[in-house]
Amino acid sequence: MRSLIDIVDLSTDELDELIGVAMDIIEHPAKYSESCKGKKLATLFFEPSTRTRLSFEAAMYELGGNVLSVTGGATSSVAKGESVADTAKTVSCYADIIAMRHPKEGAALVAANNASIPVINAGDGGHCHPTQTLADLLTIFREKGHFDNLTVGFCGDLKFGRTVHSLINALSRYSGVRFVLISPEELKLPSYVKNETLKKYHLPYVQTTDLEGAIPSLDILYMTRVQRERFFNEEDYLRLRDTYILTPDKLRQAKQDLCIMHPLPRVNEISVSIDDDPRACYFKQVLNGKYMRMALILKLLKEAQA
Ligand code: NCD
């Protein structure tokens, strides 16, 4: 049974195929309005979410399907001590596909190993978040028209930011991409991500603490929130949370066609006065997430039937 746990589960051809389907959905939404008639998506979210869960649910409704939903462990049998494995087996009896978010790294893989229907990882702890990457890729594609030869800056919490880990992997497959990793010393990109992508493929990257110094060279600036819930103590969080705040002033040296991204939620990292700047793309990412999740649900359900 084909699931999506990590972005590496999708080949580069498949990423391009999903972008193609999403673009077709954008142009011809009516064509897809009954594609998942009679099918059910179960959204199992054991961590807070607004965009990811609602975009999965909106995606399924726009495909003509239905949604079953568990939000927060407190209202499901997880609160009684049920394992992820048993939950996955149970939900397989009622739904056709699962989207699951869980605070533990590896939980989505455990679910996939026990489910008899496709499982989509909607974020597993500080590990990865492949469907945010799909939203990010469609946004870059619609803004830039290609992925090759871009200089991409990632700024903020590169240690716990799972969206960063997945997007670096996806972008590392395209040629000529350069990475600028901007973070405080304590929140640097984990070495496993560096070893499995940047170092393995000999990709050019620099690490810096200086956002302003990096900005002029960037085609994409991907801001992130400091992930409070993954910190071991509040003191460190409070010290690091406002390290980077993007303001109009800091953008003075930026390229005219810079694409400013953020997976959201934003706390303080981007001043709201940037929202009306044509380079701000973070609310476009929100919408693109729905189209890519539609394309993904279609693909996995089709493969499950074959
Ligand atoms: C991200 C996540 O959950 O990892 N949010 C999202 O899905 N759009 C980013 C974050 O929570 O900071």
Side-chain angles (χ1 to χ4, degrees), residues 4-7 22 41 43-59 69-73 98-108 119-140 152-170 181-184 186-187 189-190 193 220-231 236-237 240-246 259-270 275 280-294 296-297:
L4 175 62
I5 304 306
D6 191 315
I7 199 69
L41 163 76
T43 52
L44 312 179
F45 277 63
F46 304 110
E47 248 192 2
S49 169
T50 301
R51 275 151 293 273
T52 307
R53 184 172 64 84
L54 294 187
S55 67
F56 264 114
E57 297 185 355
S69 190
V70 167
T71 50
I98 293 172
M100 188 177 94
R101 168 169 289 187
H102 199 283
K104 287 220 174 80
E105 291 78 6
V119 174
I120 301 171
N121 181 7
D124 62 330
H127 183 218
C128 58
H129 192 348
T131 63
Q132 180 63 44
T133 297
L134 298 180
D136 300 341
L137 290 176
L138 181 60
T139 305
I140 296 172
V152 187
F154 289 90
C155 177
D157 187 347
L158 310 189
K159 180 178 179 186
F160 297 115
R162 56 194 174 192
T163 66
V164 170
H165 306 161
S166 296
L167 184 55
I168 287 181
N169 181 288
L181 309 174
I182 309 152
S183 75
E186 295 92 328
L187 298 178
L189 193 72
V193 181
I220 311 275
L221 172 57
Y222 194 96
M223 297 295 294
T224 62
R225 167 181 76 90
V226 175
Q227 306 276 300
R228 179 183 205 160
E229 65 274 37
R230 312 209 194 284
F231 271 68
D236 285 348
Y237 168 72
L240 293 167
R241 66 175 178 182
D242 289 334
T243 313
Y244 301 108
I245 300 176
L246 191 64
C259 172
I260 304 166
M261 300 176 69
H262 192 308
L264 304 180
R266 151 177 66 185
V267 183
N268 246 344
E269 311 78 49
I270 302 180
D275 294 1
C281 295
Y282 25 97
F283 289 106
K284 294 181 183 172
Q285 281 168 269
V286 175
L287 182 59
N288 287 331
K290 183 186 71 178
Y291 297 126
M292 283 303 258
R293 289 179 176 110
M294 288 172 81
L296 178 67
I297 290 169

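Order of listing sets the numbers, starting from 1, for every ligand and every atom in it. Starting from 1, each residue takes its place in the sequence as its number. Because the structure is a prediction, the values reported are computed rather than measured.
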So, for Ser55 and Lys290, which heavy atoms are closest and what is the spacing to 0.1 Å?
->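 Where Ser55 meets Lys290 most closely, the heavy atoms are O-CG, 4.0 Å.
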Nearest heavy-atom pair of Leu264 and Tyr282: which atoms, and what distance?
-> CD1-O, 3.9 Å
Among protein heavy atoms, which sits nearest to [atom], and what does the distance come to when rounded to 0.1 Å?
atom                    : value
atom 3 (O) of ligand 1  : Arg162 NH2, 2.9 Å
atom 8 (N) of ligand 1  : Pro263 O, 2.9 Å
atom 10 (C) of ligand 1 : Arg225 NH2, 3.3 Å

Arg101 to Phe45, cation-pi by 6.0 Å centre distance and 45° axis angle =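 No.
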Under 4.5 Å between any side-chain heavy atoms of Thr224 and Phe154, yes or no?
->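 Thr224 vs Phe154: side chains apart.
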Is the shortest distance from a Lys or Arg side-chain nitrogen in Arg230 or Glu47 to a carboxylate oxygen in the other one below 4.0 Å?
-> yes
Part of Leu264 within contact of ligand 1 (heavy atoms, under 4.0 Å) |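 For Leu264, only backbone atoms sit under 4.0 Å from ligand 1.
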Structural part of Glu47 in contact with ligand 1, heavy atom criterion under 4.0 angstrom |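 Looking at Glu47 and ligand 1, no heavy atom falls under 4.0 Å.
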Could you grab the distance from atom CD of Gln285 to atom CG of Asp136, nearest 0.5 Å is fine?
->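 So the CD of Gln285 and the CG of Asp136 are separated by 5.0 Å.
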Residue Thr163 vicinity, atoms of ligand 1 by number, heavy atom under 4.0 Å |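 With Thr163 as reference, the close atoms of ligand 1 come out as 1 (C), 4 (O).
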Has Gln285 got any heavy atom lying under 4.0 angstrom from an atom of ligand 1?
->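 Gln285: no contact with ligand 1 (<4.0 Å).
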Regarding ligand 1, does [X] bring an N or O atom to under 3.5 Å of one of the ligand's N or O atoms?
X      : result
Glu229 : no
Pro265 : no
Thr52  : yes

For the residue pair Arg53 and Thr43, confirm or rule out a side-chain donor-acceptor distance under 3.5 Å.
-> no
